[in-house]
Amino acid sequence: MLEELVRAAVFGDKRAIARLISIAENDGASARKILKSLYPYTGKAHIIGITGAPGTGKSTLVNELAKEYRLRGLKVGIVAVDPSSPFTGGAILGDRIRMRDLYNDPGVFIRSMATRGSLGGLARATADAVKILDAAGYEKILVETVGAGQTEVDIASTAHTTIVVEVPGLGDDIQAIKAGLLEIADVFVVNKADLEGADGVVLNLETMMSLGNSAKIFHHGILMEIKASFDAHRVQWRPPVCKTIATRGEGIKALVEAIERHWAFLKGSGAWEEKERLRASREIEEILRMELLRRILAKVDREAIGEILDKVVKRELDPYTAAEKIAGVGEL
């Protein structure tokens with residue numbers, strides 16, 4: 001059954017792709033078997049991440065990018081991550097509504113995913129969904145983060161090209177520095193560029209770019225040092241700032257050209273291999289972390305964990321010692 005699904009997905013069967021992503025979301029042995037089978041077919045797609053604060057128009061921008069890539073004859077996969085309720089675990093997958101004009105396009109596959117409590121702007125299974133779409137032959141895979149704000153930096157370890165979306169009127173014009181988004185951007189987009197203040201946002205971003213990688217900047221009267229975390233290829237690539245009005249499709253062609261220039265830069269400079277190595281390293285580390293946690297918890301019964309938790313609550317045991325006891329497979 002799984003082998004048939006994998007075979008069908010590789011040949012582009014949308015129902016098989018959807019089924020495989022659902023299995024990946026539920027994790028477990030079946031998911032691992034699927035992903036192991038699909039891995040040799042991956043590595044061809046260009047993964048493009050779109051992140052930014054809520055209200056910046058990310059979904060509309062993704063919709064327009066997909067349409068432009070379709071005009072260029074390319075197959076487009078979209079993974080849109082929505083926040084899930086901390087109370088019910090459910091999510092309103094609104095991207096399916098905002099991107100409804102793409103649904104009948106046979107060259108587009110759209111999947112909305114709930115975060116299910118994951119931090120960093122992506123769902124746990126986002127990387128797995130990207131692999132499945134990659135193996136299925138989608139050439140451009142657009143990953144839209146949840147839109148939670150300052151912690152959305154996980155996308156940089158998933159995407160080859162990361163687009164950070166800003167809009168006028170969000171208040172602090174250098175919010176991007178505090179959010180860490182400055183460091184992860186390969187392309188900046190100032191969306192809703194018809195609003196007052198758009199040119200100011202562009203100017204501020206351009207100014208920050210010109211400050212260099214280890215510059216200092218005054219913020220609220222305090223001289224702040226912008227820590228240099230750039231790797232070698234980032235020194236060579238200056239993120240362009242593109243203005244768009246996504247609701248009217250304006251500026252989209254220029255944005256796609258900027259994305260394609262970054263793609264060409266990655267391929268031509270050797271940075272592609274560097275990014276792939278970094279992605280693989282972080283993915284293996286995450287899998288190891290999850291596997292070790294699963295193995296440790298499997299050796300400790302629920303009653304023993306409950307006793308440890310009781311002691312922590314009563315201040316008879318600190319959390320560090322508690323974790324050490326659990327890792328030591330239940331020596332109470």
Side-chain angles (χ1 to χ4, degrees), residues 48-62 64-65 121 142-145 147-156 159-231 233-266 271:
I48 303 164
I50 297 94
T51 189
T56 51
K58 295 189 297 297
S59 294
T60 308
L61 199 64
V62 167
E64 295 303 312
L65 284 173
L142 308 177
V143 181
E144 179 191 342
T145 68
Q150 296 189 355
T151 61
E152 297 209 344
V153 294
D154 278 0
I155 187 63
H160 299 119
T161 301
T162 301
I163 300 171
V164 172
V165 187
E166 299 279 340
V167 291
L170 284 186
D172 192 342
D173 286 341
I174 60 168
Q175 187 70 14
I177 291 179
K178 292 194 291 184
L181 294 179
L182 181 67
E183 288 90 342
I184 68 169
D186 297 307
V187 178
F188 279 109
V189 171
V190 178
N191 194 30
K192 305 183 183 181
D194 53 335
L195 297 180
E196 185 179 352
D199 289 339
V201 176
V202 172
L203 180 61
N204 282 327
L205 288 171
E206 293 283 7
T207 301
M208 285 189 287
M209 289 297 102
S210 65
L211 287 173
N213 298 337
S214 59
K216 296 179 179 180
I217 186 171
F218 275 101
H219 179 45
H220 295 315
I222 301 172
L223 186 62
M224 297 170 54
E225 184 164 349
I226 305 171
K227 189 176 180 180
S229 61
F230 296 78
D231 44 39
H233 84 270
R234 282 196 170 275
V235 175
Q236 302 169 32
W237 173 260
R238 178 190 169 99
V241 183
C242 301
K243 291 170 68 176
T244 61
I245 307 172
T247 51
R248 300 205 296 255
E250 295 182 14
I252 301 301
K253 286 185 179 178
L255 173 57
V256 167
E257 292 301 327
I259 294 169
E260 292 307 298
R261 283 198 300 276
H262 185 249
W263 162 268
F265 166 76
L266 291 177

Review point. What distance separates I163 CD1 from I50 CD1, expressed to the nearest 0.5 Å?
Key: 5.0 Å
Review point. Taking the side chain from K58 and the backbone from G52, do they hold a donor-acceptor pair closer than 3.5 Å?
Key: yes
Study note, to complete from the structure: dist W237:CH2 -> T161:OG1 (nearest 0.5 Å) comes out at 8.0 Å
Study note, to complete from the structure: Here the pair of heavy atoms bringing A198 nearest to V190 is O-CG1, 4.1 Å
Practice item. Report yes if the side chains of V164 and I184 come closer than 4.5 Å at any heavy-atom pair, otherwise no. Key: yes
Point to revise | Side-chain heavy-atom pair E144, L61 within 4.5 angstrom cut-off | key: no
Check your understanding: Do you know which two heavy atoms are closest between C242 and V187, and how far apart they sit?
Key -> SG-CG1, 4.2 Å
Exercise for review: Can you run down the side chain to side chain donor-acceptor pair (under 3.5 Å) pairs that involve residues 193-202, sequence neighbours left out, and say none if there aren't any?
Suggested key: D199-K243
Exercise for review: Identify, with sequence neighbours excluded, every residue that meets side chain to side chain contact (heavy atoms under 4.5 Å, CB included) alongside L203.
Suggested key: T207
Practice item. Can you run down the side chain to side chain donor-acceptor pair (under 3.5 Å) pairs that involve residues 245-258, sequence neighbours left out, and say none if there aren't any? Key: R72-E257, R248-E250
Practice item. Please list, chain by chain and in numerical order, all residues satisfying side chain to side chain donor-acceptor pair (under 3.5 Å) with R261, sequence neighbours excluded. Key: none
Point to revise | For E260, all residues meeting side chain to side chain donor-acceptor pair (under 3.5 Å), sequence neighbours excluded | key: Y69, K140
Revision key, fill the gap. Looking only at heavy atoms, the pair that brings A258 and P240 closest together is CB-CG, 4.0 Å
Point to revise | Non-hydrogen atoms of P239 and A185 that approach each other most closely | key: CG-O, 3.4 Å
Study note, to complete from the structure: Correct closest heavy-atom pair for E206 and R238 would be OE1-NH2, 3.0 Å
Study note, to complete from the structure: Contacts of T56 meeting side chain to side chain donor-acceptor pair (under 3.5 Å) (sequence neighbours excluded), chain-then-number -> none
Practice item. With rounding to the nearest 0.5 Å, note down the distance linking CG in N191 to CD in E166. Key: 11.0 Å
Study note, to complete from the structure: dist I259:CD1 -> L142:CG (nearest 0.5 Å) comes out at 7.5 Å
